[in-house]
**Student:** 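Handing you a structure now.
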Amino acid sequence: MEIDWRSIEEKWKEKWLREKVFEVDPQRGKPKVFITFPFPYVNGRLHVGHGFSAVRLDVYARFKRMQGYNVLFPFAWHWTGEPIVGAAERIMKGDEKLIRSLKTIDKIPEEEIKRFTDPVYMASYYMNENRKTVIDIGLSVDWRREFHTSSYHSAFSRFVTWQFNRLKKMGYIVRGTHPVVWCPHCQSPTGDHDRLEGEGVSPEVYVLVKFRCGDTYLPAATFRPETIFGATNLWINPEAMYVEAVVNGEKWIISELAALKLKEQLKKVEVLRKFEGRELLGLYCRAPITDRELPILPANFVDPDNGTGIVFSVPAHAPYDWLALRDLMIDPQPLKKYGLDPKVIEGLKPISIIKVEGFGDYPALELVNKLNIKNQLDAKADEATKIIYKKEYHMGVMKENCLNYSNLKVSEAKEKVFEDMKSVGLADQMYELPEKVVCRCTTRCIVKILTDQWFLKYSDPKWKSKTRKLVSKIKIHPEEARNYFFEVIDWLRDWACARRTGLGTPLPWDPSWIVETLSDSTIYMAFYIIAKYVNKGQLRPENLTEEFFDYVFLGEGTLEHASNVSDLKPELLEEIRREFLYWYPVDLRGSGKDLVPNHLTFFLFHHTAIFPEELWPQGITVNGIVMVEGEKMSKSKGNFVTLNDAIASYGADAVRCTLMIAAEGMDDPNWRFDACRDMRDKLNQVFKLINDIMALPGSSAKGSLERWLVSRLQRRIRAITEALESMKNRTALEIALFELWNDIRWYLRRTQKPCKEVLLEVAKTWVRLLAPFAPFMCEELWSMLGGEGFVCKAPWPLPDVSKIDYTAEASELLIEQVMEDLREVMRATGKTPSTAHIYVASKWKWEVYLKALEASSPKEVIKVAHQVARDLQVKDSRVIQRIAKEASSVGGEQREIKLKAGIVDEYEVLTSAKEFLERELKFEVKVWKEEAAYDPKDRRFNAIPYRPALYLE
RNA sequence: GCGGGGGUGGCCGAGUCAGGUCAAAGGCGCAGGGCUUAGGACCCUGUGGCGUAGGCCUGCGUGGGUUCAAAUCCCACCCCCCGCACCA
């Protein structure tokens, strides 16, 4: 049987749209669930990562819808930000790498790519394409509420404007300064994805230690000011260009580039003259605190592009310094070259100032020897530096020769030395990039301190504590994520919320800024309610005044006033207000864990700022990040899997199920193409199996086996429902697909005459249980099974406790156990018998067994077993021990079944399963009562409940 | 470094909060058998080791400990992944 999945998908997605199944409005008295997915950014196609997070929510939405809730699952698009504009520019410039990836990964036709030079075109193109994909993957979206962000959607822009005005009034938006990675050519901050080199690099603070040389200072840049006690000399690069400059009124000597950098870092810099570093050689300068006089020496490891181009030398603890010194000792040629007397280094001895476990007095020397580092240009020097830095920072203690810093921990001394030097004007700071960062435009980036930047004041203690309150009561799946949110709240500083470039909404009070992309997307779920009216044409952007939003969202101001100012009928305003109050608060928002430290936490912050507590979000779910064949997915790696391609290859249901079974909780799901193919084949089988059931001849009688199947089904329903409630979709699908299927398999294997009536009942339930995961297939099957309406609206199965049949379940446990034991014996003996004799236990053994089962602990079990045996005046203590052992090894579900089933008529059960056992095992089976006749090897007395005695001959 | 999450059998992955149901669910892979013209389809069996009677031994990152009993509880250690900001 060939199944045409494509046409099944086409058919149902079209029907869902035509019959508006997912379009929902408030319904009085009907409980609602409002589920939202963070709108995707429209600079590319949706990938399986989007699919994973979104399908998880869709499964929940479909589940809740079937449970009878009024479920709203809307969708929108994020246009705000810089990457689209950046991409458009790069296409304009003919960036081949980008164009190639658009062609091969996103499959964009050539003529369309040309139009991508217009960022707005590009955004709307991807929006339209991705909307199709969202429909294809089967998300149950109410499209009447769709919108996108940025000033190209003026209704949305008005909403952002309202929000920002409110936040500002509340004092949550403030001005400040901030260091950023900056491209001097583009004159703008260089974000991570705008870089050719230096991904993930962010500004770090160097301490500038000012060495005095006459009326001039030489500020050496360092992360380790505390090592000033071990300083023996200064290093400069003789070939590099330096300047003499007036910096904030003092005369400094620094590298040429450092002068430029300091200028960008709010220092007043006036360059007096430029000269080569060699000029400084032979001079002496005076160290702060120690007041030692130190020579200035040449070293070519000194990078004029890093820091100030001046380094102070601590050979005892800094590998580079030791190497540079050693290089000069081995070969004094450079000294001579610059006219220095080689004797100048004779007096320079490493000064040990830190004691640290695992090293002697001179860690730098030791490590240089150990790693066999050749000279100051050896790459291993970097590694050595890191090792010592780490070790000394965390475990080091300042030695006695460090004045009043002696015996301090290195980490403490570092702070204190800096503070003390600073207080006497002998230290300063500068920001620097720990690694080279290159802008897309190929310019090397520096650190700039931006002034007059706008910030969202997430550092505000009251705001933080409000948000903590929200986190402490919101539902979070999985629970482990809660701590993560608390940590993020503590850690969060002020957030620069405005940018100069990119798409977005202008800052209302200063339109030269644009509201930054994460900042315009924190409470937009409320806008889904407005969007419906905007899309219908009932609201025009001009109507969306501050008063409108105040009234609709917050109930502030009077209806009359809002109506007048907004030029809207009061009835409409009231309707919208009612609709908002119906859907709000958000019941569930979910995404990958990568959004926890930013978007999801911002979402919580802003809700607490703007909305009253009863409208705060009710639930959050966080999931892992999709890997592809075990690796992180990225366009540059070429392992990028778009949803489009996946659906085209395997079908939407297979993609959904593959993703859902791949992981739950915060674990990262791994996308494997083989797994998806397997899943598609499995869905084929399910489809065929249900077809086979429908093709069965009329019903045969119902017996214990049918009761068993129906009983198992009730347990499955219960387990699946529980799993879905807590977003454990993997567990839910695993049970719904595999465990339930295995039950049906067992049933079909056990019976020669399957009962159609029961199987159809099971199938109809099964299809509903699978519907949230494989909605297309399930619609098709549901209609084939004669189900009423859409399966996505069909009632979710409820477990029927009255259908749980303990006796039937216990009987099957017995049969499985007997089969297992028979096989075990065959395995041990290595023989296949012609006849197996099975002896079932006497009634008194059952009495002992059941009493023992009721006991709480193993100790108790043994006591009880013996007690009962005494009462029954039985003496066979070996058998009683075995009964006790058997009873104590039963737990969980089996225990419940066995207790509730009571005494099982094993003779009857096994006799009626005789044919089945013979069919399966291929030898004759004879069932006897323990009291019975044929027993040449005296085995029958070994029988205990659920473990009949066996004799194979 | 700080913070978050983890280490389970050939692989993926349950189980850990509430210790005994655990040689450890389920899936994949592999091996054998069946079915079949064929099968990357389907069904059955096996898949830590040992075993001529349903059992025994070893096992859940490492090392200790608590307990009648530990994958699960406690302590110490080792290792892996992710995040650390102006960015979607």
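Chain letters run A, B, ... following the sequence lines, proteins first and then strands; every chain starts at 1.
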**Student:** What is the distance from CZ of A:Arg730 to C1' of B:G15, rounded to the nearest Å?
**Tutor:** 12 Å

**Student:** Verify the contact: side-chain N or O of A:Arg939 to OP1 or OP2 of B:A53, cut-off strictly under 4.0 Å; return yes or no.
**Tutor:** no

**Student:** State the CZ-CZ distance between A:Arg939 and A:Phe941, to the nearest 0.5 angstrom.
**Tutor:**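 One finds 13.0 Å between CZ of A:Arg939 and CZ of A:Phe941.
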
**Student:** Scan A:Leu492 against the nucleic acid and name what it touches under 4.0 Å (heavy atoms): base, sugar-phosphate only, or nothing.
**Tutor:** base

**Student:** Under 3.5 Å, is there any donor-acceptor pair linking the side chain of A:Arg827 to the base of B:A53?
**Tutor:**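 By the distance-only test, no, there is no pair.
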
**Student:** Kindly confirm whether the side-chain ring of A:Phe738 is stacked on the base of B:A25, judged by centres under 5.5 Å and planes under 30°.
**Tutor:**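 Base of B:A25: not stacked against A:Phe738.
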
**Student:** Counting any heavy atom closer than 4.0 Å, what does A:Lys898 reach on the DNA or RNA strands: base, sugar-phosphate only, or nothing?
**Tutor:** nothing

**Student:** Checking A:Arg827 now: which residues fulfil salt bridge (Lys or Arg N to Asp or Glu O under 4.0 Å) with it, not counting sequence neighbours?
**Tutor:**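 Checked A:Arg827 against salt bridge (Lys or Arg N to Asp or Glu O under 4.0 Å); matches are A:Glu824.
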
**Student:** Tell me what A:Asn598 touches on the nucleic acid: a base, only sugar-phosphate, or nothing, going by heavy atoms under 4.0 Å.
**Tutor:** base

**Student:** Give a yes/no answer on whether the side chain of A:Lys682 brings an N or O atom under 4.0 Å of OP1 or OP2 in B:A41.
**Tutor:** no

**Student:** Ignoring backbone atoms, test whether A:Lys632 places a side-chain nitrogen or oxygen under 4.0 Å from the OP1 or OP2 oxygen of B:G83.
**Tutor:**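 Result: yes.
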
**Student:** Give a yes-or-no answer on whether the side chains of A:Arg589 and A:His599 include a donor-acceptor pair shorter than 3.5 Å.
**Tutor:**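 Side-chain D/A pair, A:Arg589 to A:His599: present.
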
**Student:** Contact class for A:Asp667 (heavy atom, under 4.0 Å): base, sugar-phosphate, or nothing?
**Tutor:**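 Sugar-phosphate contact only - A:Asp667 comes under 4.0 Å of backbone atoms but never of a base.
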
**Student:** Which part of the nucleic acid, if any, lies within reach of A:Leu952 when heavy atoms closer than 4.0 Å are counted: base, sugar-phosphate only, or nothing?
**Tutor:**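 Touches a base.
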
**Student:** Nearest to the A:Arg947 side chain among B:G55, B:C82, B:C87, which nucleotide is it?
**Tutor:**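 Closest of the options to the side chain of A:Arg947: B:G55.
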
**Student:** So A:Glu479, base contact, sugar-phosphate only, or nothing? Heavy-atom distance under 4.0 Å.
**Tutor:**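 Nothing, no nucleic acid heavy atom in range.
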
**Student:** Does NZ or CZ of A:Arg750 come closer than 6.0 Å to the centre of the six-membered ring of A:Phe916, within 45° of the ring's axis?
**Tutor:** yes

